[in-house]
Amino acid sequence: MTTSKIRVRFAPSPTGPLHIGGMRTALFNYLFAKHHGGDFLLRIEDTDQTRYVPGAEAYIMEALDWCGIIIDEGPREGGPHAPYRQSERKDLYAGYAQQLIDTGHAYYAFDTPEELESNRMTAEANGETFTYNVTTRAGMRNSLTLPKGEWHALLSSGQPYVVRFRMPDNEIVAATDLIRGHVQFNTDLLDDKVLFKSDGMPTYHLANVVDDHLMEITHVIRGEEWLPSMPLHVLLYRAFGWESTMPQFSHLPLILKPEGKGKLSKRDGDKLGFPVFPLAWKDPVSGEVSRGYREDGYLPDGFINMLSLLGWNPGTEQEIFSMDQLIESFSLDRVGKSGSRFDPEKTKWFNHQYLIRQTDSELANLFIPFLQSKGVKVQFELVARVCGLVKDRCYFVNEIWEQGFFFFQAPASYDEKIVSKRWKDGVPEMMAEIAKFFGTVENWSAPQIKEPFSQFVTEKGWNFGTMMNSLRLCLVGSSFGPDIFGICEIIGREETISRIEKAVQIIAIVP
RNA sequence: GGUCUGUUCAUCUAAGGGUUAGGAUUCAAGAUUUUCAUUCUUGCCAUAGGGGUUCGAAUCCCCUACAGACUACCA
């Protein structure tokens with residue numbers, strides 16, 4: 001064991017936007033690295049040219065940026081091991097594949113996709129699954145079975161071929177997973193995985209191991225779906241003679257759908273009524289747009305906080321964590337083994353917690369773009385004040401509008417239920433008198449309005465509750481919102497009076 | 001089908017053999033708010049089933065059930 005610096009990588013393939021699971025993998029890698037003062041690298045695994053999606057790579061970086069995950073080395077940042085995009089490292093891998101062939105750990109295979117497919121079909125017809133392994137490879141066309149002259153000829157004639165790993169016969173491969181402990185596999189049940197494809201590109205397995213080695217990765221933290229390929233990877237490190245510097249593996253539990261079966265997938269997004277992506281994404285082919293947490297009004301810190309508690313817990317009862325606190329408390333041995341069902345409700349709660357912790361000015365800055373989109377003339381001081389007044393009742397930034405639009409414009413309509421409940425016979429006349437009375441109030445500030453108002457209502461012998469609620473109806477159009485006299489103060493005397501007069505004119509009496 | 005992994009309230013989870021099995025979200029009730037929401041208080045709710053080991057098991061072992069992942073020239 002060397003005492004080298006901790007280095008981890010997040011290695012997505014740019015086939016589309018990241019989803020919650022991918023983000024969590026990135027986050028845990030980041031937290032682990034930073035907790036130990038190590039490096040976090042981003043490596044783009046684009047070895048499958050057929051699945052490349054334009055924009056996906058930029059999306060990944062933007063999503064990481066939004067979450068506050070800082071990349072130490074990557075395609076954009078550069079670094080001592082550049083390039084960080086596997087397509088740009090293409091020339092490197094053939095040599096490593098060759099090394100494996102030379103040492104007898106891999107071989108050429110000339111079987112066509114059609115041949116393989118037909119093998120699978122016949123196996124399936126017998127209720128079996130075809131695997132390219134110790135027993136079946138004898139019957140296939142490869143450099144292990146073909147006479148040397150024959151496969152040499154195939155090779156030099158430009159026949160397409162792949163390089164397969166020669167899975168050893170009946171061996172137990174054991175490895176320690178930092179989350180799961182001792183895990184072992186029998187090589188007889190594993191297959192001769194393709195390492196190098198006929199298009200000249202390596203597969204994930206080869207590229208991943210080679211790059212992790214070259215980039216001096218110390219810990220591989222990835223999703224549980226990779227657990228079955230851990231033995232292959234261990235065997236590859238051995239075959240290359242890199243076992244002494246092999247990274248430690250950790251396989252994160254899966255994130256499951258909120259309801260139903262299976263792991264959360266990219267397709268679940270809008271179908272289940274919550275975003276699965278950090279940022280909105282427009283599919284370049286179909287043009288279909290998927291929602292994102294950012295666009296839906298979630299704050300990145302809350303999003304990260306929620307993500308951090310999916311499969312990890314601090315062992316204390318603390319639930320709200322800043323990124324720095326997460327870095328401070330994170331450790332892999334407090335990551336659970338079982339899959340976590342994703343709960344969109346709790347995500348909302350987290351967002352509320354973060355929203356109310358924002359200062360009024362911070363919130364105003366977030367809310368102003370929304371106001372502008374509504375065509376409202378923005379005065380920063382006023383917006384900040386409104387934010388402070390209504391933030392407690394909001395889960396999302398855009399709800400500030402729903403909860404406080406009346407600070408910026410008169411209600412365009414009046415809630416029918418409230419009207420029929422409050423706007424009884426006589427009420428319009430009383431409200432008209434109150435409007436007149438407001439004209440005489442000396443100091444227009446909340447407490448200075450409340451005092452004389454209640455005096456006035458009491459003297460008149462009117463029902464105080466009815467007057468309060470009717471006043472609210474006039475000013476807000478419904479029956480919600482913060483303290484009514486606070487509203488009066490902020491919108492001003494003139495506006496208050498004019499809203500009452502308007503209501504008196506417009507609202508019909510319900511008998 | 002095979003291999004691997006997992007299983008504590010509805011959900012996220014705590015409890016490294018000894019507690020009335022704890023917290024959070026959701027839900028319900030009450031309080032506060034002469035509105036609504038927030039907030040506060042209280043409540044409901046769990047060790048998958050069966051065998052062991054042990055004075056004692058959520059915790060260790062075995063079996064069953066269930067769930068999931070993987071089983072491509074995809075990652």
Side-chain angles (χ1 to χ4, degrees), chain A residues 11-15 45-48 50-51 86 109 111-113 116-117 120 123-124 126-132 160-164 177 179-180 183-186 188-191 193-205 207-208 222-231 251 253-254 256 258-259 261-263 306 309-320 333-334 336-350 352 356 390-395 399 403 418 422 454 463-473 476 478-484:
Chain A
S13 118
T15 55
E45 309 225 324
D46 54 351
T47 52
D48 185 0
T50 63
R51 293 213 307 161
Q86 288 183 330
D111 319 280
T112 64
L116 290 170
E117 186 54 30
R120 284 195 192 95
E124 200 171 322
N126 297 329
E128 290 162 2
T129 309
F130 173 77
T131 38
Y132 208 117
Y161 66 91
V162 300
V163 175
R164 284 183 182 270
D177 180 292
I179 293 171
R180 277 149 225 284
V183 182
Q184 62 178 47
F185 303 81
N186 187 313
D188 278 358
L189 282 341
L190 271 19
D191 63 337
K193 276 271 179 297
V194 171
L195 300 177
F196 200 80
K197 300 183 272 188
S198 58
D199 66 357
M201 279 290 213
T203 60
Y204 168 82
H205 303 289
N208 189 263
R222 74 222 310 191
E224 189 185 325
E225 66 269 25
W226 292 109
L227 192 55
S229 49
M230 182 164 75
H251 291 91
L254 264 12
L256 279 10
E259 50 207 36
K261 297 177 176 183
K263 70 168 180 176
M306 172 279 293
L309 262 12
L310 234 41
W312 171 83
N313 79 83
T316 65
E317 278 173 6
Q318 183 177 352
E319 286 212 284
I320 303 296
D333 45 60
R334 291 213 65 92
K337 296 186 179 80
S338 52
S340 323
R341 218 172 256 275
F342 177 69
D343 182 4
E345 283 306 315
K346 196 143 184 180
T347 310
K348 287 182 191 167
W349 177 81
F350 270 113
H352 175 69
I356 60 180
V390 302
K391 67 180 177 186
D392 276 354
R393 54 222 298 128
C394 296
Y395 280 69
E399 280 179 357
Q403 293 296 330
I418 309 301
R422 303 289 177 199
S454 58
N463 180 290
F464 193 73
T466 307
M467 289 304 104
M468 289 285 280
N469 288 309
S470 302
L471 179 56
R472 182 174 292 279
L473 178 65
V476 174
S478 190
S479 73
F480 65 89
D483 175 58
I484 192 67

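From a predicted model like this one, the values you see are computed outputs, not experimental measurements. Below, each value reflects all heavy atoms present in this structure, side chains not excepted, and no hydrogens, waters or symmetry copies. All chains are named by letter (A, B, ...) in the order of the sequence lines, taking the proteins before the strands, and each is independently numbered beginning at 1.
With rounding to whole Å, Ile179(A) atom CD1 is found 14 Å from U5(B) atom P. Straight-line distance from the CD1 atom of Ile484(A) to the P atom of U35(B): 12 Å, rounded to whole Å. As a whole-Å value, the separation of Glu225(A) CD from A67(B) P is 20 Å. The distance between atom CG of Asp333(A) and atom P of A15(B), rounded to the nearest whole Å, is 11 Å. Between Ile418(A) atom CD1 and A37(B) atom P the separation is 11 Å, expressed in whole Å. Protein atom CZ of Arg472(A) is 12 Å distant from nucleotide atom P of A37(B), rounded to whole Å. Taking atom CG on Asp343(A) and atom P on G23(B), their separation rounds to 19 Å, with Å as the unit. Between the OH atom of Tyr132(A) and the P atom of C70(B) there is a distance of 24 Å, given to the nearest Å.
Rounded to a whole angstrom, the distance from the P atom of U11(B) to that of U5(B) is 24 Å. For the C1' atoms, the distance from G23(B) to U8(B) is 13 Å, rounded to whole Å. For the C1' atoms, the distance from G6(B) to A58(B) is 15 Å, rounded to whole Å. Of the P atoms belonging to G68(B) and G52(B), the separation is 31 Å, rounded to the nearest Å. Rounded to whole Å, the separation between the C1' atoms of C74(B) and C44(B) comes to 47 Å. Between A37(B) and G30(B), the distance separating the two P atoms is 13 Å to the nearest Å. Only the C1' atoms considered, C12(B) is 29 Å distant from A31(B), to the nearest whole Å. Comparing the C1' positions of C70(B) and A57(B) gives a spacing of 33 Å, expressed to the nearest Å.
The nucleotide whose nearest atom lies closest to any side-chain atom of Arg334(A) is, among C4(B), U35(B), A14(B), A14(B). Between A75(B), G23(B), U3(B), one nucleotide has an atom nearer to the side chain of Glu317(A) than all others, and that is G23(B). Of the candidates U13(B), U25(B), C74(B), the closest approach to any side-chain atom of Thr203(A) belongs to C74(B). Candidate nucleotides U26(B), A72(B), C70(B) were compared by shortest atom distance to the side chain of Arg120(A), and A72(B) ranks first. In this structure, the nucleotide among C74(B), C73(B), A24(B) sitting nearest to the side chain of Asp48(A) is C74(B). Of the candidate nucleotides U71(B), C73(B), C12(B), C12(B) has the atom nearest to the side chain of Leu310(A). With U38(B), G68(B), C73(B) as the choices, the nucleotide that has an atom nearest any side-chain atom of His352(A) turns out to be U38(B). For Arg180(A), whose side chain is taken as the heavy atoms from C-beta onward, the closest listed nucleotide among U26(B), A14(B), U5(B) is U5(B). Closest to the side chain of Tyr395(A), from the set U38(B), U25(B), U3(B), is U38(B). With distances taken from any side-chain atom of Ser340(A) to the nucleotides C74(B), C12(B), U5(B), the minimum falls on C12(B).
Counting any heavy atom pair closer than 4.0 Å across all strands shown, Thr47(A) reaches sugar-phosphate atoms only and no base atom. Within the nucleic acid shown, Asn126(A) has no heavy atom closer than 4.0 Å to any nucleic acid atom. Residue Gly127(A) is classed as having no contact, given no heavy-atom separation below 4.0 Å to the nucleic acid. Val162(A) comes within 4.0 angstrom of a nucleotide base, judged by non-hydrogen atoms across all strands. Gly336(A) comes within contact range of no nucleotide atom at all, as no heavy-atom separation falls under 4.0 Å. Heavy atoms of His251(A) sit nowhere under 4.0 angstrom from any nucleic acid atom. The residue Phe185(A) sits close only to the backbone: its heavy atoms come under 4.0 Å of sugar-phosphate atoms, none of a base. Base engagement by Pro482(A) is indicated by at least one non-hydrogen atom pair under 4.0 Å involving a base atom. Among the heavy atoms of the strands lying under 4.0 Å from Ser479(A) is at least one base atom, whether or not backbone atoms are also near. Within the nucleic acid shown, Arg222(A) has no heavy atom closer than 4.0 Å to any nucleic acid atom.
For a distance-only test at 3.5 Å, the side chain of Ser198(A) qualifies as a donor-acceptor partner of the base of C73(B). Judged by atom type and distance alone, Thr129(A) does not reach the base of G2(B) through any side-chain donor-acceptor pair under 3.5 Å. Remark: the Lys193(A) side chain and the A72(B) base include no donor-acceptor N/O pair separated by less than 3.5 Å.
Thr129(A) has its side chain out of reach of Glu124(A): every pair of non-hydrogen atoms, C-beta onward, lies at least 4.5 Å apart.
The aromatic rings of His205(A) and Trp226(A) sit perpendicular, their planes meeting at an angle over 60°, well past the 30° parallel limit.
In terms of position along RNA chain B, the nucleotide closest to Leu189(A) lies nearer the 5' end than the nucleotide closest to the other residue of the pair Pro258(A) and Leu189(A). Across the interface with RNA chain B, nearest-nucleotide mapping of Asp483(A) and Arg341(A) shows Arg341(A) to be the residue nearer the 5′ end.
For Lys197(A) against Asp48(A), the heavy-atom pair with the smallest separation is NZ-CA, 3.8 Å. Counting all heavy atoms, side chain and backbone alike, Arg180(A) lies closest to His251(A) at NH2-O, 2.9 Å. Thr47(A) and Gln86(A) make their closest contact through CG2-OE1, 3.4 Å (heavy atoms, listed as atom of the first residue, atom of the second, distance). Of all non-hydrogen atoms in Glu224(A) and Lys337(A), the two that sit nearest each other are OE1-O, 4.2 Å. The two residues Val162(A) and Ser198(A) come nearest to each other via the heavy atoms CG1-N, 3.8 Å.
Under the Watson-Crick and G-U wobble criteria, each requiring two contacts below 3.5 Å, nucleotide A10(B) is paired to U25(B). Pairing of U54(B), defined by two Watson-Crick or G-U wobble distances under 3.5 Å, is not identified with any nucleotide. Across the strands present, U20(B) finds no partner; the criterion is a Watson-Crick or G-U wobble pair with both atom distances under 3.5 angstrom. Searching all strands for a Watson-Crick or G-U wobble partner of U59(B) with both distances below 3.5 Å returns nothing. Pairing of C4(B), defined by two Watson-Crick or G-U wobble distances under 3.5 Å, is identified with G68(B). Across all strands shown, U39(B) is found opposite A31(B) as a Watson-Crick or G-U wobble partner, with both distances under 3.5 Å.
Classification of Lys391(A) and Glu399(A) as a salt-bridged pair fails, no side-chain N sitting under 4.0 Å from a carboxylate O. A salt bridge is defined here as a Lys NZ or Arg NE, NH1 or NH2 lying under 4.0 Å from an Asp or Glu carboxylate O, and Asp343(A) with Arg341(A) fails to meet this definition.
The shortest distance between the side-chain N/O atoms of Asn469(A) and the OP1/OP2 oxygens of U35(B) is not below 4.0 Å. Lys197(A) has no side-chain polar atom (N or O) that falls below the 4.0 Å cut-off from OP1 or OP2 of A72(B). Phosphate contact (OP1/OP2 of C73(B), side-chain N/O of Arg164(A), threshold under 4.0 Å): present.
Summarising the geometry, atom CZ belonging to Phe196(A) is positioned 14.5 Å from atom CZ belonging to Arg164(A); distances are rounded to the nearest 0.5 Å.
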